[in-house]
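One structure is given here, and the rest of the page talks about it.
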Amino acid sequence: MKKLLEYIPFYLLICLIAGIYIQYHTNFWSFGIAKLFFFLSILITISFLCKNAKKVIFIISILITSFFVGVSTIHIKTLKNYTTFYNHKKPPYFLNYARVTHSLKANKYYNKYIIELFKIDTRKVVGKILVNLKKDSIIDSIEIGDIIIFKANYKEIPLPKNPYQFNYKNYLAKKDIYHQVFLERKQFGIIKSTSFSFQKLSYLLHKKITSSLLKYNLSKEVISITNALLLGKKHGISKKLREDYSNAGAIHILAISGLHIGIILLIINKVLFPLTYLKNGKIYRNISSIILLWFFAYFVGLSASVVRAVTMGSFLLLGECLKRKIQIEHSLLSSMFVLLLIHPFYLFEIGFQLSYLAVFSIAWFYPLIKKLWHTKTYVTRQFRNLLAISFAIQIGTLPLAIYYFNQFPSLFFITNLLIIPFLGGILIIGFLIIILALFYPVPNSIITLYNTAICWMNAIVNWIAKQEYFLFKEITMSTVQLIGWYLLIILTLYCLQKKTIKKWRIIFAIIILLQASYLHKKFLFETNNKLIVFYKKKKTIIAQKKGKLISIYHNIGDKERLLKTYENNEETTVKYWNYIPPLFFIGSKKIAVIDQKGIYNIEEFHNVIVLLRNSPKINLERLIKTICPDKIVVDGSNYKSYSKRWKQTCYKLKTPFYDIRQNGAFIIK
């Protein structure tokens, strides 16, 4: 920790991250790339002019320069800042030309792809969009690199329609994707790509490997795990299996990251060991290892965690070539700086954040935890090391994992002890099967061994996942609490290393502030009264919160996932009622519900909010003139044609209108 604080590039990285984060969320620099480069050149010139004058001015100017380098990277990489961005051209569009770059997990009705537009009509454009192609027998022939020609207007990615739902719009925006299109087979054409690209080569290899594995009667689960462990493709993993790995604390095994790259690097070093007998053999081996690692990274799709691990490994190998001992923290910072310069959007990826935190945690906490248990035998020493690494990783990643996933699998150390020692063998056998499957028949003994190993691994994970008493779910954490926990962890580590008592006062102050934030959050939950009309197609769901109690009125039968998500985040008592009352009161507000019967007798109420559900056959114009409602609200149970007609009536009579189908859940606080 001390070495990190004394390392100047650490502060440059902090300024770079600040520039990326602030520019992404505020877009405060919108004056063009040329002016940005001019401003940067002035800052760099000032830095060099002040180098021999005043050290403080020099340091400040360098830090400001690093901040604006972060601003410039996100500004340049955000395609909508370019004049050729596709959405700058006004619709309607005639023909769109786009290249398929990524294949995503399909849903029940559509195959999903990310495509890069390069031409609209005769005009060159840039930009990425999500395309949803309706499933049919021909769609399966679409490959990475193919060109799609279509005519369609773009639709914005919708915001989540209910509280606490996953924000897919925000997720895609951090990948520089802002629109989507829905196409049927007759609405687009395909031009098969004949040009060479590493991306297409990777896709074709994946396809051939998967088809080769299908010949050996491997189960669907084994093939899906193989694709995840060795090819970086998690689309085929079933929901149940993914949940088991998540609940057992082993979800990181399914994503190729530092653990896999470390094992692969050990395998490569063993294979290339004969090169060390040559003159400068270690240099040849390290350079060859770097090339092979990057080939593998490109082969599995250049995910953030893979790129991070390969980049850090490359820095360590280069340091060994230069005969310099590089601190792991310095290697981490250098790789992070380079990656964010090239791809600033990595900063917002969960895998990128967790992978760096995991390695920093190993570097800082592993030596401290290892000292707690002294042992002499080889077996117990390896057991201790694995246990220490597991706990070190959890210390660093736990707050962020709870922040994103709202759960803590407390049996993570058992999972790691039982699975990780055998993961290297599984990877070696898996790579051997892949190579043999591409060129030669694979012996049945190897197939049986590999199939048994994967089945046993899945069985262990399933058994651990079933120990529900040790899985803590429904844990929520705010951004302020997340920052507080990491301040607490960092300061505790600093105090343990410095062995000073004075710094502990700051730690106690942070603990008190964290407790205050939790008490404040609890107070808000218990005192905040509100009413929510959820969006659910063809159904009505209304939640009314009064103090510590939430009453949910619905007509949906079984409890929906959206209600479970809402219940988990509200952290209070919930009661369910299988009916919809005709009238709600929230403070001074009154909400009258009119259903398919179309019966209402609320003339005595004025300034009431009217909720229409189940397509009531009423004369809305007469109702508005009779009771003068504050607002007309329409939920997802109504026919679209009715909602459209009611909207026109409200517009004509200048009455506020709210369609939950279009605008999301209606909330009164």
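Quick caveat, the model's predicted, so the values are computed rather than measured. Values below: all heavy atoms of this structure, side chains included; hydrogens, waters and symmetry mates excluded.
Side-chain contact between Lys77 and Asp176 is absent, with no heavy-atom pair separated by less than 4.5 Å. In this structure, Ile609 and Phe666 have side chains that are in contact, with non-hydrogen atoms separated by less than 4.5 Å. A 4.5 Å side-chain heavy-atom check between Asn458 and Tyr245 finds at least one atom pair inside the cut-off. When side chains are defined from C-beta on, Val222 counts as touching Cys455, because their heavy atoms get closer than 4.5 Å. Leu133 is listed as a side-chain neighbour of Ile148, based on a closest heavy-atom distance under 4.5 Å. Side-chain atoms of Phe188 and Val131, non-hydrogen and from C-beta on, never get closer than 4.5 Å to each other. Contact annotation: the side chain of Ile115 approaches that of Phe150 to within less than 4.5 Å [non-hydrogen atoms, C-beta and beyond]. The shortest distance between side-chain heavy atoms of Gln467 and Pro409 does not fall below 4.5 Å.
Around atom OH of Tyr164, more than 12 heavy atoms belonging to other residues, nucleotides or ligands sit under 6.0 Å away. For Phe182, the CZ atom is densely surrounded, since the number of other residues' heavy atoms within 6.0 Å is greater than 12. Within a 6.0 Å sphere centred on CZ of Phe166, heavy atoms belonging to other residues, nucleotides or ligands number more than 12. Under a cut-off of 6.0 angstrom, the local environment of NZ in Lys631 is sparse, with at most 12 non-hydrogen atoms contributed by other residues, nucleotides or ligands. Heavy-atom neighbours of Lys647 NZ from other residues, nucleotides or ligands within 6.0 Å: at or below the threshold of 12. Residue-environment remark: OH (Tyr639) stays at or below the threshold of 12 foreign heavy atoms within 6.0 Å. By the 6.0 Å contact criterion, NZ on Lys169 is enclosed, its count of non-hydrogen atoms from other residues, nucleotides or ligands being greater than 12.
Between Ile552 and Ala543, the shortest heavy-atom contact is CG1-CB, 3.9 Å. Taking both residues in full, the closest heavy atoms of Ala665 and Ile532 are given as CB-CG2, 4.1 Å, listed atom of the first, atom of the second, then distance. When all heavy atoms of Ile74 and Asn81 are compared, the pair lying nearest together is O-ND2, 4.4 Å. What you find for Ala106 and Asn111 is that their closest heavy atoms are CB-OD1, 3.4 Å. Nearest heavy-atom pair, Glu621 versus Lys652, reported as atom, atom and distance to 0.1 Å: OE1-NZ, 3.7 Å. The two residues Lys590 and Val608 have their closest heavy-atom pair at O-CG2, 3.0 Å.
Of the possible donor and acceptor atoms, one in the side chain of Thr415 sits under 3.5 Å from a partner among the backbone N and O of Ala248. Distance alone, capped at 3.5 Å, places no donor-acceptor pair between the Gln662 side chain and the Asp659 backbone. Panel note: side chain Glu349, backbone Phe345; no donor-acceptor pair is recorded below 3.5 Å. With hydrogens and angles disregarded, a donor-acceptor distance shorter than 3.5 Å links the side chain of Asn619 to the backbone of Arg622. Here the side chain of Tyr113 pairs no donor or acceptor atom with the backbone of Glu143 at under 3.5 angstrom. With Lys175 contributing its side chain and Lys128 its backbone, the two residues share no donor-acceptor pair below 3.5 Å. A donor-acceptor pair under 3.5 Å is formed between the side chain of Tyr658 and the backbone N or O of Asn663. Listed for the Gln165 side chain is no donor-acceptor partner under 3.5 Å among the backbone atoms of Leu159. Side-chain atoms of Ser246 never come within 3.5 Å of backbone atoms of Glu243 as a donor-acceptor pair (strictly under, hydrogens ignored).
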Verdict with reasoning, Asn107 to Lys112, per side-chain contact (heavy atoms from CB on, under 4.5 Å): CA-CA 8 Å; Asn107 62 20; Lys112 295 175 177 286; 3.5 Å; yes
Given Thr540 and Asp595, is the side-chain contact (heavy atoms from CB on, under 4.5 Å) satisfied, shown in steps? CA-CA 10 Å; Thr540 297; Asp595 59 16; over 6 Å; no
Take Tyr404 and Leu354, measure what side-chain contact (heavy atoms from CB on, under 4.5 Å) needs, and give me the verdict at the end. CA-CA 11 Å; Tyr404 283 123; Leu354 287 174; 5.6 Å; no
Carefully, step by step, assess Met457 and Ile225 under the rule side-chain contact (heavy atoms from CB on, under 4.5 Å). CA-CA 10 Å; Met457 184 172 74; Ile225 293 293; 3.9 Å; yes
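Between Phe348 and Tyr24, the ring planes lie tilted relative to each other; the angle falls in the 30° to 60° range.
One finds the OG atom of Ser637 at 10.5 Å from the OH atom of Tyr535 (value rounded to the nearest 0.5 Å). In this structure, the separation between CG on Leu347 and OH on Tyr356 is 11.0 Å, given to the nearest 0.5 Å. In this structure, CG on Leu620 lies 7.5 Å from CG on Leu653, to the nearest 0.5 angstrom. The CG atom of Asn638 lies 6.5 Å from the CG atom of Leu612; values are rounded to the nearest 0.5 Å. For the atom pair Lys546 NZ and Leu531 CG, the distance stands at 9.5 Å (nearest 0.5 Å). The CD1 atom of Ile464 sits 11.5 Å away from the CG atom of Asn247 when rounded to the nearest 0.5 Å.
Under the side chain to side chain donor-acceptor pair (under 3.5 Å) rule, Asn614 has a single partner from Gln596, Lys538, Lys539, which is Gln596. Partner of Val610 under the side-chain contact (heavy atoms from CB on, under 4.5 Å) criterion, out of Ile627, Val633, Asp630: Ile627 alone.
With Tyr178 as the aromatic partner, Lys80 meets the cation-pi criteria of under 6.0 angstrom to the ring centre and within 45 degrees of the ring axis. Both the sub-6.0 Å distance and the 45° axial angle are satisfied by Arg645 relative to the ring of Tyr642.
Remark: aromatic rings of Tyr651 and Phe657 are distant, center separation not under 6.0 Å.
One side chain, Tyr154 or Asn96, offers a donor N or O that lies under 3.5 Å from an acceptor on the other.
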